Protein chains: 2
Amino acid sequence: MGLAKTEIFTDEQNQISVFAKAFGHPARVAILQHLFKIDTCFCGDLVKEIGLAQPTISQHLKELKYLGLIKGTVEGTSVCYCIDMANWKEMKDIMTEFLGQDLLPKDECC
Amino acid sequence: MGLAKTEIFTDEQNQISVFAKAFGHPARVAILQHLFKIDTCFCGDLVKEIGLAQPTISQHLKELKYLGLIKGTVEGTSVCYCIDMANWKEMKDIMTEFLGQDLLPKDECC
DNA sequence: TTAATTCATTGCAATATTACGATTAATATT
DNA sequence: AATATTAATCGTAATATTGCAATGAATTAA
């Protein structure tokens, strides 16, 4: 099948998985880290920085943009990408709550 | 190709992506949430709880177990799964650091 | 205008993922 | 022993993902 049966899960569960999937490729992790590192946001530099072909980077950027985690503005012939902090924070809250789940002191039956 | 060129990324980037991929399917998110919710850990109940076929759940459990996020012990004919808190915390630290990245006040050039 | 630059899009090949029926292995129950 | 229960594994179909060469669109530079 290759496709998840999203209809049987909660919106929250689907949302978590969608965000997680965005981080499920090292190139996208690297792109985001680089966009955080340089406070002025560059773009085509990502191709050199990451080391994948330009169409491949473009594709990864597209996914991140679709999720709202980054935004890009055209500047002459180049495009400037940067983190969308509002959406990033929203995503971060959702993911942090998921990761922050805790067991009672006893727990771990296995 | 369908496979990531992991060799061009740092260990950290690859590790983040591997953990993230584990959460990249709502069924695995649901499984983990359920294992957190019930402090006594059940197993075959997951099949009823989640609503996917038994082999499918078994496959998802296998992935989570491979990453060390859960552990399972045989009890009679059934298997008891639960969160591996030590590994979960380790993963949580890595992911939290990634998510916690912050920009300088100015930022957001776009 | 022509050429160069930058990036998006298209098309495709290779591989991965998801899901489940059928089967198997292991233990429990009768 | 025979049967039932539980869960792992195998095999397979459908779909998704990754990566890149080739191409196209837009802007800038000459």
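Letters go in sequence order (proteins before strands), and every chain restarts at 1. Computed from a prediction, not measured in an experiment: that's the story for all the values here.
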field: Residue whose nearest DNA chain C nucleotide is more 5′ - A:Gln59 or A:Ala4
entry: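 With A:Ala4 and A:Gln59 compared, the 5'-side residue is A:Gln59.
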task: Tell me whether the OP1 or OP2 atom of D:dA8 has a side-chain N or O from B:Tyr81 closer than 4.0 Å.
output: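 True: B:Tyr81 side-chain N/O within range (under 4.0 Å) of D:dA8 OP1/OP2.
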message: Side-chain N or O of B:Thr77 versus OP1/OP2 of C:dA28: is the shortest distance under 4.0 Å?
response: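 No.
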task: Scan B:Leu52 against the nucleic acid and name what it touches under 4.0 Å (heavy atoms): base, sugar-phosphate only, or nothing.
output: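 The residue B:Leu52 makes sugar-phosphate contact but no base contact.
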task: Classify the nucleic acid contact of B:Ser78 as base, sugar-phosphate or nothing, counting any heavy atom under 4.0 Å across all strands shown.
output: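 Here B:Ser78 touches the backbone only, sparing every base.
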Spacing of [X] atom [atom1] relative to [N] atom [atom2], expressed in whole Å:
| X | N | atom1 | atom2 | answer |
| --- | --- | --- | --- | --- |
| A:Glu63 | D:dG19 | CD | C1' | 12 Å |
| B:Ile50 | C:dT18 | CD1 | P | 14 Å |
| B:Lys5 | C:dA16 | NZ | P | 15 Å |

message: At less than 3.5 Å, do the side-chain atoms of B:Gln54 and the base atoms of D:dA8 form a donor-acceptor pair?
response: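 Yes, the side chain and the base share a sub-3.5 Å donor-acceptor pair.
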task: Look up atom CD1 in B:Ile50 and atom NZ in A:Lys5, then write down how far apart they are to the nearest 0.5 Å.
output: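 Answer rounded to 0.5 Å: 12.5 Å.
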- request: Please work out which residues in residues 7-30 of chain B have a non-hydrogen atom less than 4.0 Å from an atom of DNA chain D and list them by number.
  value: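 Output list: empty, so none.
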task: Identify the heavy atoms of A:Trp88 and B:Phe98 that sit nearest to each other, and give their distance.
output: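 Where A:Trp88 meets B:Phe98 most closely, the heavy atoms are CZ2-O, 3.9 Å.
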- request: Kindly give the heavy-atom pair with the smallest separation between B:Leu52 and B:Ala27, and that separation in Å.
  value: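 Smallest interatomic distance, heavy atoms only, reads CD1-CB, 3.7 Å.
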Is there a side-chain contact between [X] and [Y] (heavy atoms, below 4.5 Å)?
| X | Y | result |
| --- | --- | --- |
| A:Val79 | A:Val74 | yes |
| B:Gln33 | A:Glu12 | yes |
| A:Lys62 | A:Gln59 | no |

For C:dT30, the Watson-Crick or wobble partner whose two distances fall under 3.5 Å: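 Partner of C:dT30: D:dA1.
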